[in-house]
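The residues of the chain are indexed from 1 along the displayed sequence.
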Amino acid sequence: MDIYRNPEKPVEARVKDLLGRMTLEEKVAQLCAVLPQMLLKGGEVSSDLLERYLKNGLGRVPQFPMPFHRSARQIGEAYNAIQKFALEKTRLGIPVMAQVECLNGVVAVDATAFPSPIAMASSWEPQKMRAVGDVIGRQMRSVVNGANALAPVVDLARDGRWGRVYETFGESSYLNTVFGVEMVRGLQRNGKLKEGVQSCAKHFLGYSTTQGGLNSAPVMANEREIYEDFGKPFEAMIHESGLQSVMCTYSEINGKPVSYSPEILRDLLRGKMGFNGSAICDGGSIERGCFSQHAAADLKEAAILALKAGLDADAPRTEAFHFLPEAVREGLIDESFVNEACGRVLKQKFELGLFDTPYVDP
């Protein structure tokens, strides 16, 4: 049995073995994403579209349950169909990870809907947030197995003009911290990832303190505020509840999009805060850095800047990272950056048990 297929082997050994077998295109595919609608024809999973988009494997399918409206069973059956193709029809059989919105419940038919986060924070009882996270994690695991769960949002809501206040736990750094820590513990089953899901906290960093209260505008905060106020909930979740994933903000800090910022994603997040999980872009933020913020000349340069900065996924629909194999072959970026990001993605798929128990029970 190949080492990476052997559940008795340590995760690090399985990652090393699998990474050593992969082509450059297969590694880059683990950093890419397609929306579930792109795999459907007539409302059903299409083998032709799976062949088109998963020929080298695939990292993740974001917003997974959204196109499936009939029942939770339909979601599970579609998930199994996609997973079966990834496991049986691709060269190395690497499973796909689902990515799911779940701020106050899994965004899916039949799932439990809890109050909005700002309302739950008003209870002043953070231990109840762990129970909420536990329910969300178990329901998500039942239909899409070990997934990347897009919660909690721990942005500090201090400007009423900003349109996403209701997604947060309010203006207090401390309240966001304690509620965020407890929700992560619930989602990740207090570190038992093979029973829970992977929490992806957002948005790193300062997303809610933008110029004029405009969503995605430049962040208006100094270096001390960025770390001590807006960074506190993230640092606490990393150390207190083993946070596995972080989503960066669309915005720019000091004139540089966070998606392209090694100062924020490597020096602060991974260096000072000690984070060792996966960092993913907000929806289309890598392309936004090119076309809206004009910090890259084209999508190839955008991909290079984002990968060097420390991002591990171009989601929800990959546009820029498809240029990475070409960039590596042209000598514009070293393949070690691809290996680093791919290794983190594979590690988390192993830790979630996707290689060993890939399917759900419809």
Side-chain angles (χ1 to χ4, degrees), residues 31-33 35 60 62-63 99-103 107 117 148-168 176 180 199-223 225-227 229-231 233-234 245-269 275 278-299 301-321 341:
L31 315 182
C32 295
L35 288 165
R60 64 193 67 220
Q63 279 76 30
Q99 189 169 295
V100 183
E101 299 282 357
C102 62
L103 273 183
V107 179
N148 185 260
L150 301 183
V153 167
V154 290
D155 296 303
L156 309 187
R158 294 178 174 175
D159 189 334
R161 297 172 298 177
W162 185 63
R164 299 180 67 171
V165 169
Y166 67 96
E167 296 184 33
T168 77
N176 272 271
S199 175
C200 180
K202 50 189 188 173
H203 303 81
F204 199 83
L205 196 59
Y207 180 46
S208 56
T209 184
T210 47
Q211 188 174 38
L214 297 173
N215 198 54
S216 306
V219 170
M220 303 301 289
N222 60 46
E223 185 176 345
E225 288 178 297
I226 288 292
Y227 175 56
D229 288 351
F230 293 93
F234 291 94
S245 184
V246 162
M247 178 184 286
C248 78
T249 173
Y250 290 116
S251 304
E252 59 191 75
I253 297 176
N254 293 327
K256 180 183 289 187
V258 172
S259 293
Y260 302 168
S261 175
E263 295 84 3
I264 297 294
L265 297 175
R266 288 191 183 272
D267 298 346
L268 179 58
L269 178 61
F275 181 67
S278 64
I280 68 175
C281 72
D282 204 343
S285 68
I286 297 174
E287 296 82 59
R288 179 188 292 264
C290 175
F291 298 125
S292 297
Q293 294 159 319
H294 307 292
D298 52 32
L299 286 178
E301 185 182 12
I304 292 168
L305 291 172
L307 190 64
K308 284 186 173 180
L311 287 184
D312 304 324
D314 181 358
R317 175 178 178 169
T318 297
E319 301 287 347
F321 275 14

Could you walk me through whether L103 and V153 satisfy the side chain to side chain contact (heavy atoms under 4.5 Å, CB included) test, starting with their C-alpha distance in whole Å, then the side-chain angles of each, then the deciding distance to 0.1 Å, before giving a yes or no? CA-CA 7 Å; L103 273 183; V153 167; 3.4 Å; yes

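- Not counting sequence neighbours, S199 has no partner by the side-chain hydrogen bond (donor to acceptor under 3.5 Å, both in side chains) test.
- Remark: D155 engages H203 in a side-chain hydrogen bond (donor to acceptor under 3.5 Å, both in side chains) (not counting sequence neighbours).
- Remark: E263 engages K256 in a salt bridge (Lys or Arg N to Asp or Glu O under 4.0 Å) (not counting sequence neighbours).
- Every pair tested for salt bridge (Lys or Arg N to Asp or Glu O under 4.0 Å) that includes a residue from residues 285-297 fails, sequence neighbours excluded, so the list is empty.
- Atom CG of N222 is separated from atom CG of D229 by 8.5 Å, given to the nearest 0.5 angstrom.
- With contacts defined as side-chain heavy-atom distances shorter than 4.5 Å, the pair P316/Q63 qualifies.
- In this structure L305 satisfies the side chain to side chain contact (heavy atoms under 4.5 Å, CB included) test together with Y260, A296, E301, sequence neighbours excluded.
- Applying the side-chain hydrogen bond (donor to acceptor under 3.5 Å, both in side chains) test to T168 and every residue at least two apart in sequence or in another chain returns nothing.
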task: Please assess L311 against S259 for the test side chain to side chain contact (heavy atoms under 4.5 Å, CB included), listing each intermediate value before the final yes or no.
output: CA-CA 7 Å; L311 287 184; S259 293; 3.9 Å; yes

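- The two atoms that bring C281 and S285 nearest to each other are CB-OG, 3.2 Å, heavy atoms only.
- With sequence neighbours left out, the side chain to side chain contact (heavy atoms under 4.5 Å, CB included) criterion links C102 to I136, M140, A149, A151.
- At a threshold of 4.5 Å between non-hydrogen side-chain atoms, the residues L205 and V219 do not count as touching.
- Remark: side-chain polar atoms of D312 are paired, donor with acceptor, to backbone N or O of A279 under 3.5 angstrom.
- Although no hydrogens or angles enter the test, the distance criterion places a donor-acceptor pair under 3.5 Å between the side chain of D314 and the main chain of A320.
- A search for salt bridge (Lys or Arg N to Asp or Glu O under 4.0 Å) contacts involving D298 returns nothing, not counting sequence neighbours.
- Checked options D282, T249, L268; the residue passing with F204 is L268 (criterion: side-chain contact (heavy atoms from CB on, under 4.5 Å)).
- In the model, S251 has no side-chain atom that pairs as donor or acceptor with a side-chain atom of S216 under 3.5 Å.
- Taking the side chain as every heavy atom from C-beta outward, L150 and Q99 approach each other to under 4.5 Å.
- Across all non-hydrogen atoms, the minimal contact from A217 to T210 is O-CG2, 3.0 Å.
- Considering only residues two or more places apart in sequence or on other chains, E319 meets the side-chain hydrogen bond (donor to acceptor under 3.5 Å, both in side chains) condition with none of them.
- With hydrogens and angles disregarded, a donor-acceptor distance shorter than 3.5 Å links the side chain of Q293 to the backbone of Y250.
- The salt bridge (Lys or Arg N to Asp or Glu O under 4.0 Å) contacts involving residues 202-213 comprise E101-K202, where partners must be two or more places apart or lie in separate chains.
- Here N215 pairs with W162, R164, Y207 under the side chain to side chain contact (heavy atoms under 4.5 Å, CB included) rule; sequence neighbours left out.
- Using a 4.5 Å heavy-atom threshold, the side chains of F230 and S208 count as touching.
- Of the possible polar contacts, one joining the S261 side chain to the I264 backbone as a donor-acceptor pair under 3.5 Å is found.
- Here the closest non-hydrogen pair linking T209 and A221 is CG2-CB, 4.2 Å.
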What verdict does the side chain to side chain contact (heavy atoms under 4.5 Å, CB included) test give for I280 and N148, after you've listed the backbone C-alpha separation in whole Å, the side-chain angles of each residue and the deciding distance to 0.1 Å?
CA-CA 10 Å; I280 68 175; N148 185 260; 4.0 Å; yes

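- Going from atom CZ of R317 over to atom CG of L35 covers 7.0 Å, rounded to the nearest 0.5 Å.
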Practice task
Walk me through it: do C248 and L265 pass the test side chain to side chain contact (heavy atoms under 4.5 Å, CB included)?
Solution key: CA-CA 8 Å; C248 78; L265 297 175; 4.1 Å; yes

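- Take A201 and apply the side chain to side chain contact (heavy atoms under 4.5 Å, CB included) test, not counting sequence neighbours, and it matches P152, F234, M237, L243.
- Dense packing is recorded around CZ of R266, with more than 12 heavy atoms of other residues, nucleotides or ligands lying under 6.0 Å away.
- Between the side chain of T318 and the backbone N or O of A33, at least one donor-acceptor pair lies under 3.5 Å.
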